[in-house]
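In what follows, residues are counted from 1 in the order of the sequence shown.
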Amino acid sequence: MSTEQNLVTTPITADFLRGHLDVEETAHGLLPHRLPAWARRQIPDDLLAVAEAQPSGVRVAFRTGATSVRLDTLPTKRAYRGFPPPPDGVYDLLVDGRLTAQATVDGGNLRTITDMQTQTAEFTPGPVGTAHFTGLPAGEKDIEIWLPHTEITEVVALRTDAPVEPAPKSGRRVWLHHGSSISHGSNAVFPSTIWPALAASAGDVELINLGFGGSALVDPFTARTMRDTRADLISLKLGINVVNSDAMRLRAFVPAVHGFLDTIREGHPTTPLLLVSPLLCPTHENTPGPLMPDLSGGALKFRATGDPAETAAGRLTLTIVRDALADIVKQRSAEDPNLHYLDGLDLYGESDHDESPLPDALHPGPEGHRRIGENFAELVFAHDGPFAVTTG
């Protein structure tokens with residue numbers, strides 16, 4: 001049985017992390033970021049600033065013979081005034097790629113949202129806590145601890161009953177993905193079961209997840225970040241945030257997507273690049289944004305508040321966005337044979353919605369994430385999909 005006296009303490013350094021693009025040194029340890037510092041300086045609002053610092057897809061990866069592992073972290077948890085606090089984020093521990101143990105961390109900082117529209121918040125500091133994992137298999141093994149996808153997490157140290165070293169490079173292809181809150185993992189319970197993580201496991205690839213809740217807005221700094229990030233496979237899931245924030249009209253959206261693709265191609269001229277249109281979301285299929293929270297039924301749901309008649313003047317709906325994205329790929333693919341299109345309705349469409357509705361009318365639940373991940377793996381990574389392994 002391990003005791004505090006015989007545990008080996010190993011500070012977390014950047015070479016223990018996977019799935020991040022930058023790290024920030026804090027008073028406690030390292031804070032992983034999913035956008036580089038120069039891009040963070042261009043972020044215009046707290047929504048994206050918080051989202052990119054939430055470590056969706058980020059994991060601590062190491063090799064060890066330990067059977068007892070403790071990970072010290074300082075989480076920053078999020079709550080909404082007037083609502084019960086959400087459950088603590090979950091840390092998933094995978095041994096040689098298999099989910100083996102889970103834990104949570106008590107305490108930490110608390111960010112209380114006082115206004116859902118402006119994201120105004122109050123901050124209450126808290127202490128470092130520990131995720132405990134015991135009874136792990138004996139012998140040398142590769143371990144990944146997936147950090148909670150909805151809690152900003154400063155990683156401090158590993159405490160183990162055997163020495164650890166950073167995991168060796170896997171040699172797998174790197175998949176760089178950008179999307180909205182669904183890609184970020186909204187309404188998924190566990191970090192290793194958000195749909196991009198499930199698809200990455202099925203496709204045997206290393207995931208870098210740039211899914212940002214509420215913030216897939218065709219931002220130029222995100223395009224430049226992707227241009228400058230090493231990747232073997234790239235996907236973009238665009239549209240839903242542009243619609244639900246009412247951020248653009250069709251006239252601005254189409255050139256913005258062209259520009260986003262142009263920027264990525266500056267750094268990845270021939271890399272397989274997949275443009276994915278929005279999943280089914282009945283509230284926005286034919287009704288523009290902006291999206292508003294609706295508490296009239298006693299639970300949080302979302303509803304579209306735009307006027308469908310204004311689509312004639314260029315306001316966007318998901319139906320219009322899908323057509324626009326398909327046209328963009330059709331136009332460009334003649335000169336860019338490595339550019340591909342995937343209709344989001346093939347990932348989550350009417351039959352999926354009938355069997356597994358969106359709990360808040362916007363985001364899929366755990367079953368929805370599983371379906372999307374399985375469908376993506378089947379359509380994109382398998383057989384003759386755009387990310388399938390080619391031979392010869």
- Message: I want to check something: taking the side chain as every heavy atom from C-beta on, are E52 and D22 in contact at a cut-off of under 4.5 Å?
- Response: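 In short, these two side chains do not touch, never coming nearer than 4.5 Å.
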
Check your understanding: Do L210 and H177 have side chains that get closer than 4.5 Å, going by heavy atoms?
Key ->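 No - every pair of side-chain heavy atoms lies 4.5 Å or more apart.
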
Distance-only polar pair, side chains of [X] and [Y], donor-acceptor under 3.5 Å:
| X | Y | result |
| --- | --- | --- |
| T73 | Y91 | yes |
| D161 | T67 | yes |
| H149 | Q54 | no |
| E206 | S170 | yes |
| T130 | R159 | yes |
| H363 | S181 | yes |
| D88 | T104 | no |
| T26 | E154 | yes |
| N209 | S56 | yes |

Worksheet item: Are L217 and L279 in one and the same hydrophobic cluster, where Ile, Leu, Val, Met, Phe, Trp and Tyr link if side-chain heavy atoms are under 4.5 Å apart?
Response: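 Not linked; separate clusters.
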
Check your understanding: Looking at E266 and R227, does any basic side-chain N land under 4.0 Å from a carboxylate oxygen?
Key ->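 So E266 pairs with R227 through a salt bridge.
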
Can we say E122 and R81 salt-bridge, meaning some charged N sits less than 4.0 Å from an Asp/Glu carboxylate O?
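Yes.
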
Report task. Could you label the plane-to-plane angle of the W175 and F376 rings as parallel, tilted or perpendicular, counting under 30° as parallel and over 60° as perpendicular? Result ->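 Taking F376 first and then W175, their aromatic rings lie parallel (interplane angle under 30°).
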
| request: Would you name the heavy atoms of T283 and A304 that are closest together and state the gap between them? | output: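 Answer, listing the atom of T283 first, then A304: OG1-N, 3.1 Å.
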
